[in-house]
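Both ligands and their constituent atoms are indexed starting at 1 by order of listing.
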Amino acid sequence: MTDLSPVPAFVAPDVIRSRFAAAMSRLYRAEVPLYGRLVDVVAEVNAATLRADAQALDGVPLAQAQLDVERHGAIRVGTAQELATLRRIFAVMGLQPVGYYDLSVAGVPVHSTAFRPVGAAALQASPLRLFTSLLRLELIDDAQTRALAERTLARRRIFTPEALALTARCEQAGGLSESDAEAFVQAVLPTFAWQRQAPVTQDDYRRLAAAHRLVADVVCFAGPHINHLTPRTLDIDAAQSAMQAAGLPAKAEIEGPPRRRVPILLRQTSFAAVSEPVSFAAGSGEGTHTARFGEIEQRGLALTPAGRALYDRLLDEARARNAAAPGATAEARAATLAAVFADFPDDLQTLRQAGLGWFRYGLRPGVTAQAAAVAAVAATVTTAEAAAAGCRDREDAGTAATPVDGGAQAGSVPAWLQALLAAGLAEARPIVYEDFLPVSAAGIFRSNLAGEPVLQYDVQAAQAAFEQALGAPVADPMALYAAEQQDSLAHLHAALQAVMPDALRAAPRGTHAG
Ligand code: OOG
Ligand code: NI
């Protein structure tokens with residue numbers, strides 16, 4: 001009104017995201033009641049796990065454990081324009097594209113990124129991320145079917161005018177006011193809702209589904225309905241049994257690594273997609289479409305490139321062994337997986353020293369920077385001889401297990417930190433994997449594509465084309481984990497230097513890869 005009116009306060013993107021996540025959760029429970037039952041089953045298992053094991057949260061307070069909010073969901077879009085607009089909309093709620101996933105290697109004609117919060121604070125504020133796939137029309141062989149898909153996609157508008165207007169306002173002003181943020185969440189939600197009225201005839205649906213069920217799922221609807229949401233479970237094996245006991249159509253096997261003392265990466269399971277009614281265009285009939293499911297996940301240590309290479313190799317080996325025994329029960333297959341993974345170290349110290357996982361370093365609670373600095377200085381002096389022998393930056397130099405080349409690098413820490421860890425003054429806490437394993441967990445895709453042939457695409461990963469469609473590069477997940485570990489080291493070093501500026505002048509060493 002007057003030019004003295006205060007600048008409106010903006011709502012933090014993390015807050016907008018947490019409201020969006022809550023709205024999305026309500027929407028999906030209403031649309032897929034079986035998902036609501038899954039959420040209830042998981043909540044019971046989580047409560048029972050916590051009753052039986054007070055350490056199940058690794059010391060994280062329950063209020064911060066995010067057991068009652070979803071960690072991810074997934075959507076699929078059809079055009080570059082849709083993907084690029086999603087990027088802008090998701091940016092309003094603090095989601096950034098991280099990682100490139102080429103799913104054509106799993107026989108699925110899409111490639112993807114994960115829009116996710118970056119950084120511990122943002123993940124803590126609201127962990128929801130959206131795995132987002134773009135259909136690769138060029139992988140549809142038949143020219144007429146491809147043209148049908150293109151025409152159909154070109155006609156649709158998946159965003160509400162209000163969502164577009166509020167996104168543009170946020171970009172211009174640098175944020176959204178309270179009332180705009182509220183309106184934004186309401187305006188964005190319909191894009192992800194199920195829309196029974198299909199814009200295509202039943203014949204066209206059949207033609208597109210014949211190219212690939214996923215093609216029909218993307219092309220034949222008025223919008224990119226959310227296809228699953230995924231809460232966190234503290235014990236995925238117990239949750240899987242509870243799903244089966246509750247009569248949910250759970251998958252037979254948990255995807256990802258086997259059960260271990262130290263969880264790594266991501267384990268997931270889901271229930272089979274439900275059939276939902278569809279009304280086809282021009283009175284061409286009623287039908288059903290089966291795409292939407294419920295999933296649960298348990299996350300563990302983020303692996304370095306060396307750790308991931310070992311993981312991929314062992315998973316391949318377990319798959320090959322299981323493929324050679326086609327009649328094996330789910331239990332037998334799980335036992336094979338566990339046996340093969342015996343080669344993957346399963347204690348934190350070995351994982352760290354062998355450079356297989358990423359860690360955040362800090363002082364143990366109660367340890368002062370002063371006490372740590374004194375110990376660090378003493379250690380730096382006493383390791384001078386070792387340094388002269390050329391192994392100053394290596395923990396357990398010469399003896400550390402290095403199952404995969406390059407492993408030792410990510411696990412190497414400077415001598416002063418090595419001494420603090422050995423003395424119990426500093427600690428290394430595992431960094432949790434915050435990304436996805438859709439290709440190594442292709443079973444989730446497959447379980448919802450029963451009867452679909454596994455297509456062999458003769459294509460290269462097309463990250464550059466994906467980023468062009470997105471209108472931005474995707475962040476490299478490994479670089480994010482490496483930076484988090486590196487930042488923790490730099491922070492710790494700075495804290496020690498602040499209390500003993502003369503003794504610890506040098507920059508932290510041995511931190512190139514970790
Ligand atoms: C996405 C599948 C990827 C996961 O958990 O790996 C995913 C999709 O089915 O569209 O959500
Ligand atoms: Ni998922």
Side-chain angles (χ1 to χ4, degrees), residues 21 24-25 28 32 35 38-39 42 69-78 82-83 86 90 95 97-116 127-136 139 191-192 194 212-221 223-233 236 239-240 243 250-251 253-257 265-274 289-300 308 311-312 315 432-450 452 454 466 474 477:
M24 194 83 133
S25 179
Y28 200 52
V32 181
Y35 174 67
L38 174 65
V39 169
V42 171
V69 291
E70 278 84 0
R71 283 222 259 186
H72 83 261
I75 53 173
R76 305 156 181 164
V77 294
E82 290 174 354
L83 181 67
L86 273 179
F90 285 150
L95 293 167
V98 177
Y100 171 74
Y101 302 87
D102 173 18
L103 297 180
S104 69
V105 300
V108 182
V110 301
H111 49 180
S112 322
T113 191
F115 287 98
R116 75 161 172 92
L128 184 73
R129 58 215 87 175
L130 274 308
F131 191 91
T132 302
S133 299
L134 173 66
L135 183 62
R136 295 176 75 174
L139 299 186
T191 295
F192 306 107
W194 178 251
H212 197 289
R213 270 253 292 283
L214 232 72
V215 173
D217 184 57
V218 174
V219 175
C220 296
F221 294 88
H225 39 253
I226 179 89
N227 72 54
H228 65 281
L229 282 180
T230 308
R232 170 185 182 190
T233 174
I236 197 163
Q240 168 91 340
M243 280 165 76
K251 283 186 78 273
E253 287 167 54
I254 294 168
E255 301 281 346
L265 296 174
L266 175 61
R267 299 180 75 207
Q268 299 175 293
T269 188
S270 59
F271 65 72
V274 297
H289 181 70
T290 307
R292 306 206 300 160
F293 59 101
E295 185 185 52
I296 54 177
E297 65 174 38
Q298 187 172 7
R299 289 178 180 269
R308 182 59 193 266
Y311 170 79
D312 286 340
L315 197 67
V432 174
Y433 186 61
E434 302 292 358
D435 294 284
F436 291 85
L437 299 169
V439 174
S440 66
I444 297 268
F445 264 106
R446 300 244 61 85
S447 67
N448 287 308
L449 294 170
E452 194 75 25
V454 179
F466 183 85
V474 299

Please confirm whether His72 comes under 4.0 Å of ligand 1, counting heavy atoms of the residue only. yes
Give the ring-plane orientation class for His111 versus Phe466, where under 30° counts as parallel, over 60° as perpendicular and anything between as tilted. perpendicular
For ligand 1, does Val110 get within less than 4.0 Å through its side chain, its backbone, both, or neither, judged by non-hydrogen atoms? neither
Where the closest heavy atom to atom 4 (C) of ligand 1 is concerned, which of Gln268, Arg129, Arg71, Arg76 has it? Gln268
Numbered atoms and elements of ligand 1 in range of Phe131, under 4.0 angstrom, heavy atoms: 1 (C), 3 (C)
Name of the Glu295 atom (N/O/S only) found closest to the Ni ion (ligand 2): OE1
What part of Glu295, side chain from CB on, backbone N/CA/C/O, both or neither, has a heavy atom under 4.0 Å from ligand 1? side chain
Those residues at least two apart in sequence (or on a different chain) that pass ring-ring contact (aromatic ring centres under 6.0 Å, His included) with Tyr101 are Phe131
Per-atom contacts of ligand 1 with Phe436, taking only distances under 4.0 Å to non-hydrogen atoms: 4 (C), 5 (O), 6 (O)
Sorted by chain and residue number, the ring-ring contact (aromatic ring centres under 6.0 Å, His included) partners of Phe115 (sequence neighbours excluded) come out as Phe90
So, Glu297 and Arg232, do they make that salt bridge, N to O below 4.0 Å? no
Starting from the Ni ion (ligand 2), look over the N/O/S atoms of His228 and name the nearest one. NE2
Does the pair Arg136/Asp102 count as a salt bridge with the N-to-O cut at 4.0 Å? yes
Using only heavy-atom distances, determine whether the side chains of Glu70 and Tyr35 contain a donor-acceptor pair under 3.5 Å. yes
